[in-house]
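These notes are about the structure you will find just below.
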2 protein chains.
Amino acid sequence: MAVKIKDVAREANVSVATVSRVLNDVPLVNEETKKRVLEAIEKTGYKPNAIARSLKIQKTNTFGIMIPDITDSFYTQVVRGVEDICSMYDYNIILCNTDFNSKKEEKYLDVLIEKQCDGILYIGKGISEELKEKMLKSKVPLVVGATHDHEYTLPSVMIDNEKAAYEMTKLLISLGHKKLALFSDSDTKSLVAREREEGFKKALKENRLEFLKEWYRVDSANVSGGYKMMEDLLKENNLPTAIVVTSNDDAALGAIRKAIEVGIKVPEDISISGFNDFYISEWVKPSITTIAQPMYDIGAVSARMLIKMLNNEELNEKNIIVPYELIQRESTAPPK
Amino acid sequence: MAVKIKDVAREANVSVATVSRVLNDVPLVNEETKKRVLEAIEKTGYKPNAIARSLKIQKTNTFGIMIPDITDSFYTQVVRGVEDICSMYDYNIILCNTDFNSKKEEKYLDVLIEKQCDGILYIGKGISEELKEKMLKSKVPLVVGATHDHEYTLPSVMIDNEKAAYEMTKLLISLGHKKLALFSDSDTKSLVAREREEGFKKALKENRLEFLKEWYRVDSANVSGGYKMMEDLLKENNLPTAIVVTSNDDAALGAIRKAIEVGIKVPEDISISGFNDFYISEWVKPSITTIAQPMYDIGAVSARMLIKMLNNEELNEKNIIVPYELIQRESTAPPK
DNA sequence: CTGAAAGCGCTTACAG
DNA sequence: CTGAAAGCGCTTACAG
């Protein structure tokens, strides 16, 4: 079996208490003794058992992170931000893909609690009331990233999604567009999608443009979702001159692809905007006008916030709004 | 504090042993008693402490997974494959981004061992001898994905990288190309990159084509890496008619982008192939001819293998070669 | 400065 | 079928 603290104690001719003290850098250990213990550790190849330690000190130094899908470029960036900060503070992360599915979310929440995570990061598009209740009841320190619960009860980190979509829509209107379509995430549980839709509608209203159901499509927030929305939109006789895709840049890319396939030029014939600023968005042809969410920072800030909570530090704000940036690229232009 | 097994025992008027038995579905518990215990669990809202359990049973049901960077679409897919399988078998994963940096790799390996992971998945481009020694010495069950150690000592799951690059090169030659450039990963520690380069050279040799240093570039395996390699290649007076990009599709995309920017048409003026088949590769314009690695499967198979090892099941093969697929798309064509 | 002992929250032989 | 007790590998008050 593996060598344990007892073995190094015997080897160094001290008690396990002393070994534990040098392991934890408790200052009041004789230098001589310390050296002997260190040598014994070296010699035996001892590695402390973090599980046993955790049980005793009631702290695991691990966070649970729940995301819909690591395969989505958005979450991938957020997770990297989380992990980098965690690594700095000696935390590890248990990664859970929930597919934004309630069953999986509840199961994972239980597991993370049972594994005694010091805290949990929930990154997603929204939170059901049931899950929120469960989170609150469990009393586990938790921060929500990229979205929030309805009443802002839980600490959260996100951009102002409504405003972002509003500004994007306003930009297109200011370019001269009067016929605007909306491509959105079909996930009915997505709070974020609803907020972005509100932003779109608000911009239309302010400019006395009517929101037309014929130009509203929803599908999954990925390339083929965007492709399909475009395919379906093209069945209309009357076509818009601009499409605000609020799902994400992948969906925008899919829409652009479909347009190109049927000979519609982007942005000459139709302008298309995206959301998130995925890494490909500046490289594809045409490059995509988008709302740059600070994805990495959302992860990093969420993680920092959680660590602060664990250290009982004062939070300046409980619900942090991080800035986004509207980036104009090739996929949008004034209408012909 | 949280409720513990003792509390539910008291509530149900039984011993902790009995509660533990119903928790673990040990069959020999009276139905009546069981019901009482279940009610007590329900009433108290008890959640077992997995850490305490792990310490006792010497099993944590968690795997550690080490990857260079979750931000890279390749690892993102692999991790999803791993997590899906793990979830089926009730394992969780601790995710570690190492940036293929030895210091981080060694640190994380230690941490994962200290946290008593039941097994470790190392996904990457190669393994240094030092790290391998450490892995072997620790005796932790471990499987390597997407690459292998030099002597194939560790169990591994990967494609035949040399052959894949060889076939891609052969395809381009068969299209009529005689002037082929190679864009590769600049990471000198990447075993996988070296193998693909071998495949490229082998194909040239077989066709009596010379490998020219002037047409060989290395840079990081991402879009801007590809962009820069192309930029640099364009300084040559004599240009190739085809470029085999062995880093990945992102680099191929970057190279294509640069070509387009300076008015070089792909594939009319120059053919460019990629590697991995990232999800964007079929959607960008031109879509990218590539080697489709079964990224998800590499993760899934690795995870299954690790689970088998833990169950002491016989492994049919220790070093699994999974199939790849050469997908021809728009970015390659016969030379003019 | 150091050690003996209790205890973290479980599981599981052992006895009945 | 059930319970008392030992023990998983640590940490930390307490005593000296």
Side-chain angles (χ1 to χ4, degrees), chain A residues 1-38 40-41 44-62 110-118 138 140, chain B residues 1-38 40-41 44-62 110-118 138 140:
Chain A
M1 268 335 266
V3 13
K4 13 194 158 155
I5 202 168
K6 214 182 191 176
D7 303 314
V8 357
R10 189 185 309 125
E11 180 71 31
N13 238 309
V14 294
S15 71
V16 294
T18 301
V19 177
S20 174
R21 285 192 191 100
V22 348
L23 243 26
N24 293 293
D25 269 321
V26 177
L28 31 73
V29 181
N30 182 305
E31 275 306 316
E32 275 302 311
T33 321
K34 188 170 175 178
K35 194 183 284 176
R36 249 188 14 259
V37 171
L38 256 16
I41 288 173
T44 55
Y46 170 72
K47 289 212 172 54
N49 181 325
I51 294 295
R53 177 162 208 274
S54 290
L55 178 60
K56 180 64 195 174
I57 69 172
Q58 306 281 60
K59 185 166 181 349
T60 53
N61 268 48
T62 110
D110 277 339
V111 172
L112 294 175
I113 291 171
E114 291 180 6
K115 291 205 171 172
Q116 311 299 116
C117 288
D118 296 332
S138 79
V140 64
Chain B
M1 269 331 267
V3 13
K4 10 193 161 155
I5 202 169
K6 215 181 189 175
D7 303 313
V8 355
R10 190 183 310 123
E11 180 72 30
N13 239 308
V14 294
S15 71
V16 295
T18 300
V19 176
S20 173
R21 286 192 189 102
V22 347
L23 243 26
N24 292 293
D25 269 322
V26 177
L28 32 73
V29 181
N30 181 306
E31 274 306 316
E32 276 302 310
T33 321
K34 186 168 176 181
K35 194 183 284 178
R36 245 184 22 256
V37 171
L38 256 17
I41 290 173
T44 55
Y46 170 71
K47 288 211 173 54
N49 181 325
I51 294 295
R53 177 163 207 273
S54 288
L55 178 59
K56 180 63 194 178
I57 68 173
Q58 305 281 58
K59 184 165 182 349
T60 53
N61 269 49
T62 109
D110 277 339
V111 171
L112 294 175
I113 291 171
E114 291 180 6
K115 291 206 171 172
Q116 311 300 117
C117 287
D118 296 331
S138 79
V140 63

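Below, chains carry the letters A, B, ... as their sequence lines are ordered, and counting in each starts from 1.
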Problem set entry | Opposite nucleotide pairing with dA4(C), Watson-Crick or G-U, both atom distances under 3.5 Å | none
Problem set entry | Residue matched to dA13(D) through Watson-Crick or wobble contacts both under 3.5 angstrom | none
Students often get this wrong, so: under 4.0 angstrom with heavy atoms, is [X] touching a base, only sugar-phosphate, or nothing?
{"X": "Leu28(B)", "answer": "base"}
{"X": "Thr33(A)", "answer": "sugar-phosphate"}
{"X": "Val14(A)", "answer": "sugar-phosphate"}

Distance check: side-chain N/O of [X] vs OP1/OP2 of [N], anything under 4.0 Å?
{"X": "Ser15(A)", "N": "dT2(C)", "answer": "no"}
{"X": "Ser20(B)", "N": "dC10(C)", "answer": "no"}
{"X": "Asn24(A)", "N": "dT11(D)", "answer": "yes"}
{"X": "Gln58(B)", "N": "dG7(D)", "answer": "no"}

For this session: Would you kindly compare Ala52(B) and Arg21(B) by the position of their nearest DNA chain C nucleotide and give the one closer to the 5′ end?
Result: Ala52(B)
Problem set entry | Side chain to side chain, Asn61(B) and Lys115(A), heavy atoms closer than 4.5 Å | yes
For this session: Decide yes or no for Val22(A) and Thr33(A): does some side-chain heavy atom of the first lie under 4.5 Å from some side-chain heavy atom of the second?
Result: no
Round to the nearest Å and state the distance from [X] atom [atom1] to [N] atom [atom2].
{"X": "Gln116(B)", "N": "dG9(D)", "atom1": "CD", "atom2": "C1'", "answer": "9 Å"}
{"X": "Ile41(A)", "N": "dC10(D)", "atom1": "CD1", "atom2": "C1'", "answer": "13 Å"}
{"X": "Leu55(A)", "N": "dA6(C)", "atom1": "CG", "atom2": "P", "answer": "17 Å"}
{"X": "Lys6(B)", "N": "dC8(C)", "atom1": "NZ", "atom2": "C1'", "answer": "11 Å"}
{"X": "Ile5(B)", "N": "dA4(D)", "atom1": "CD1", "atom2": "C1'", "answer": "14 Å"}
{"X": "Lys34(A)", "N": "dC1(C)", "atom1": "NZ", "atom2": "P", "answer": "11 Å"}
{"X": "Arg10(A)", "N": "dT2(C)", "atom1": "CZ", "atom2": "P", "answer": "20 Å"}
{"X": "Glu114(A)", "N": "dG9(C)", "atom1": "CD", "atom2": "C1'", "answer": "13 Å"}

Exercise. Would you find more than 12 non-hydrogen atoms of other residues, nucleotides or ligands less than 6.0 Å from Lys6(A) atom NZ?
Worked result: no
Exercise. Considering all heavy atoms of both residues, which atom of Ala12(B) and which atom of Val37(B) are nearest to each other, and what is their separation?
Worked result: CB-CA, 4.0 Å
For this session: Look at Lys4(A) together with Asp7(A) and state whether they make a salt bridge at an N to O cut-off of under 4.0 Å.
Result: no
Seminar exercise, completed: Between Lys56(B) and Asn30(B), the residue closer to the 5' end of DNA chain D by nearest nucleotide is Asn30(B)
For this session: Apply the side-chain contact (heavy atoms from CB on, under 4.5 Å) test between Lys34(B) and each candidate in Asp25(B), Val14(B), Thr18(B); give the one that qualifies.
Result: Asp25(B)
For this session: Quote, to the nearest angstrom, the C1' distance that separates dT12(C) from dG16(C).
Result: 16 Å
Problem set entry | Ile57(B), nearest nucleotide to its side chain (from dT12(D), dG3(D), dT11(C)) | dT11(C)
